[in-house]
2 protein chains.
Amino acid sequence: MADDALSGTFAALADPTRRAMLARLVEGEATVTELAAPHDISLPAISRHLKVLEHAGLISRGRDARWRPCRLEPAALADADAWMEPYRRFFGSRLARLDAQLRASASPTAKEQ
Amino acid sequence: MADDALSGTFAALADPTRRAMLARLVEGEATVTELAAPHDISLPAISRHLKVLEHAGLISRGRDARWRPCRLEPAALADADAWMEPYRRFFGSRLARLDAQLRASASPTAKEQ
DNA sequence: CGCATAATTAACACATTCGTTAAGTGAGGA
DNA sequence: TCCTCACTTAACGAATGTGTTAATTATGCG
């Protein structure tokens with residue numbers, strides 16, 4: 001993996017187990033054991049997936065007695081999302097169309113904020 | 001790399017050289033040599049990066065005499081973009097806010113299309 | 001044909017990734 | 001104190017990824 005932030009983020013997303021973990025975390029904080037439950041791999045493997053997600057800035061981990069609650073960190077995903085921006089006009093997503101719509105209806109001198 | 005489509009897409013995006021190639025292709029078709037030009041790696045390495053992008057469905061390649069013109073294929077990126085959808089409310093992107101705005105102004109019985 | 005150009009395939013080295021099992025850490029509870 | 005629970009670290013093996021150089025394929029041209 002290249003060591004820039006975006007590469008780390010995309011590399012972290014390139015694994016279904018890790019994406020499933022993020023999907024779980026969208027519902028709220030979870031402990032390591034809770035995140036491990038749906039998966040058929042060992043706890044050390046889970047632990048390393050979490051380390052990858054944490055290193056990529058996709059999650060952060062706290063401490064609650066014996067538990068390490070994990071939560072979603074939005075910034076890294078936001079960066080990945082921002083990277084997509086120039087491509088949206090190509091795949092004509094609903095959001096891209098929305099965006100175009102907004103630009104069209106906005107004041108022509110309006111600055112992006 | 002896991003062999004599902006999304007994993008392949010994200011794995012392909014997890015390399016700066018390949019992202020640079022996509023960025024170039026957003027400007028239009030390009031040959032292998034043109035795509036290679038800005039990078040300081042051998043042509044075989046470039047060729048394999050292109051194979052990764054093609055296998056991920058991010059580009060397709062035609063034939064024009066000796067040249068293999070590459071072009072962006074939107075579908076794979078669109079899928080990656082769609083995957084992000086549930087997370088947008090977390091990182092409060094402009095597009096997410098736009099989306100919320102549209103939903104609010106749409107008829108409450110309107111179905112997603 | 002014979003040669004140059006565009007690109008790919010082959011063969012190899014090296015690093016990283018992802019899984020395993022076994023051992024270690026640190027906080028709570030009997 | 002000793003045990004258990006939640007989790008991490010260590011050590012290892014198999015597979016994959018990325019780069020190299022050398023050889024190969026395929027097309028166009030004199």
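FYI, side chains are in, hydrogens and waters are out, and symmetry mates aren't considered; it's all heavy atoms of this structure. So you know, we letter chains A, B, ... as the sequences are listed, proteins then strands, and number each from 1.
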(request) Could you check how far CG of B:Asp3 sits from C1' of D:dA15, rounded to whole Å? (result) 13 Å

(message) Rounding to an integer number of Å, can you tell me how far B:Ile41 CD1 sits from D:dT20 C1'?
(response) 11 Å

(message) Please pick, from D:dG17, D:dA10, D:dA6, the nucleotide with the shortest atom-to-atom distance to any side-chain atom of B:Met1.
(response) D:dG17

(message) Closest approach to the side chain of A:Ser42, judged atom by atom: which nucleotide of C:dC18, C:dT21, D:dT20 is it?
(response) C:dT21

(message) Show the nearest heavy-atom pair for residues A:Ala56 and A:Ala12, with the distance to one decimal.
(response) CB-CB, 3.9 Å

(message) Between P on C:dT16 and NE2 on A:His55, what's the gap in Å once rounded to a whole number?
(response) 12 Å

(request) May I ask you to decide if A:Leu13's main-chain N or O and A:Arg19's side chain share a donor-acceptor pair within less than 3.5 Å? (result) yes

(request) Write down the distance between CG (A:Asp15) and C1' (C:dT16), rounded to a whole number of angstrom. (result) 14 Å

(message) So, taking the atom named NE2 in A:His49 and the one named OG1 in A:Thr17, what distance separates them when rounded to the nearest 0.5 Å?
(response) 4.5 Å

(request) Drop me the distance from A:Ile59's CD1 to A:Met21's CE, to the nearest 0.5 angstrom. (result) 8.0 Å

(request) Look at all strands and tell whether B:Ala65 reaches a base, only sugar-phosphate, or nothing, counting heavy atoms closer than 4.0 Å. (result) sugar-phosphate

(message) Expressed as a whole number of angstroms, how long is the span from B:Arg66:CZ to D:dC29:P?
(response) 7 Å

(request) Inspect the contact between B:Glu85 and B:Arg88 and indicate whether a charged nitrogen and a carboxylate oxygen are less than 4.0 angstrom apart. (result) yes

(message) Looking at B:Arg63, I'd like to know whether one of its side-chain N or O atoms comes within less than 4.0 Å of OP1 or OP2 on D:dT27.
(response) yes

(request) Using atom CG of B:Leu43 as one end and atom C1' of C:dT9 as the other, report the distance to the nearest whole Å. (result) 12 Å

(message) Which nucleotide wins on minimum distance to the side chain of B:His49, given the candidates D:dG19, C:dA10, C:dT20?
(response) D:dG19

(message) Does a side-chain N or O of A:Arg61 approach OP1 or OP2 of D:dT8 to a distance below 4.0 Å, or not?
(response) yes

(request) Would you kindly give the CH2-to-C1' distance between B:Trp67 and C:dT8, to the nearest whole Å? (result) 16 Å

(message) Side chain of B:Arg48 only, heavy atoms from C-beta on: which candidate in C:dT21, D:dG17, C:dA11 is closest?
(response) C:dA11

(request) Could you state the atom-to-atom distance from CZ of A:Arg68 to C1' of C:dG26 in whole Å? (result) 7 Å

